[in-house]
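As the structure is a prediction and not an experimental result, all values here were calculated from the model.
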Amino acid sequence: MKRTLILAHPEARRRAVQAVQEAPDGYAVVIGEPTRNLEQNAKFHALCHDVARSGVEWMGKTRTAAQWKVLFVSGHAIATGIGADVVPGLEGEFVNIRESTASMSKKRGSSLIEYVLAWCAENEVAINDDRMAA
């Protein structure tokens, strides 16, 4: 059984301690920042779709939303000092071993969205503001 406990108040902390004490041998405990939420995920993917639909080109071609996702995550990693790990792939192609958006913290997810919004403003790409106001 998997449980997620948010340490938001003393009672939640007490329950977390109790859960650890009652857990069977071999179970693992992970404490960390919460990962980005579904709202952030939806906003980021909506932005990628807006950029793809805009017809803006990268390296002489229009790109799909999935390709823009890779470009934005990679660019954000460089812009925020994490860097990139580009390696030769299994067939001799080049692959960016990028960070996972699913495991980003809420703070990092917000930073990624701000990065994309700034890129859109700088490149005059219109976004659907209705989806962004949540």
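- Identified under the salt bridge (Lys or Arg N to Asp or Glu O under 4.0 Å) test for residues 60-85, with sequence neighbours left out: none.
- Here the straight-line distance linking atom CH2 of Trp68 with atom CG of Asp50 works out to 12.5 Å at 0.5 Å rounding.
- Hydrophobic clustering (ILVMFWY, side-chain heavy atoms < 4.5 Å, transitive): Val70 and Tyr115 are in distinct clusters.
- Residues passing the salt bridge (Lys or Arg N to Asp or Glu O under 4.0 Å) test with Arg108 are Glu99, sequence neighbours excluded.
- Atom NZ in Lys43 sits 4.5 Å away from atom CD in Glu39 (nearest 0.5 Å).
- Interatomic distance, CZ of Arg14 versus CG of Leu7, reported as 13.0 Å (0.5 Å rounding).
- Scanning for side chain to side chain contact (heavy atoms under 4.5 Å, CB included) contacts around Ser110 gives Gln40, with sequence neighbours left out.
- With a 6.0 Å radius and a threshold of 12 heavy atoms from other residues, nucleotides or ligands, Glu122 has its CD atom at or below the threshold.
- Residues forming a side chain to side chain contact (heavy atoms under 4.5 Å, CB included) with Ser111 (at least two apart in sequence, or on another chain): His76, Thr80.
- Residues Val86 and Val73 fall into different hydrophobic clusters, defined by Ile, Leu, Val, Met, Phe, Trp and Tyr side chains chained together at heavy-atom separations under 4.5 Å.
- More than 12 heavy-atom neighbours from other residues, nucleotides or ligands sit within 6.0 angstrom of CD1 on Ile97.
- A distance of 9.5 Å separates CG of Leu112 from CG of Leu117, quoted to the nearest 0.5 Å.
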Applying side-chain contact (heavy atoms from CB on, under 4.5 Å), run through Val56 and Trp119 and close with a yes or a no.
CA-CA 12 Å; Val56 68; Trp119 188 93; 4.2 Å; yes
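- For Arg15, the salt bridge (Lys or Arg N to Asp or Glu O under 4.0 Å) criterion is met by Glu11, not counting sequence neighbours.
- At a threshold of 4.5 Å between non-hydrogen side-chain atoms, the residues Asn37 and Lys106 count as touching.
- For the pair Phe44 and Thr101, the minimum side-chain heavy-atom distance is below 4.5 Å.
- Considering every non-hydrogen atom in both Leu5 and Ala19, the closest pair reads CD1-CB, 4.2 Å.
- Closest heavy-atom contact between Asn96 and Ala84: OD1-CB, 4.1 Å.
- Screening residues 23-32 for side-chain hydrogen bond (donor to acceptor under 3.5 Å, both in side chains) gives no qualifying pairs among residues at least two apart or on separate chains.
- In terms of heavy-atom proximity, Cys48 sits nearest to Phe72 at SG-CD1, 4.1 Å.
- In terms of hydrophobic clustering, with Ile, Leu, Val, Met, Phe, Trp and Tyr side chains grouped at heavy-atom distances under 4.5 Å, Val125 and Met59 are assigned to a common cluster.
- Considering NE2 of His49 and CD1 of Ile127, their distance stands at 14.5 Å, rounded to 0.5 Å.
- Annotation for Arg36 and Ala102: closest pair NH2-CA, 3.3 Å, computed over non-hydrogen atoms.
- Taking CD1 of Ile78 as the reference point, atom CZ of Arg98 lies at 13.5 Å (rounded to 0.5 Å).
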For Cys120 and Val51, what are the C-alpha separation, side-chain angles and deciding distance, and is it a side-chain contact (heavy atoms from CB on, under 4.5 Å)?
CA-CA 8 Å; Cys120 288; Val51 174; 3.6 Å; yes
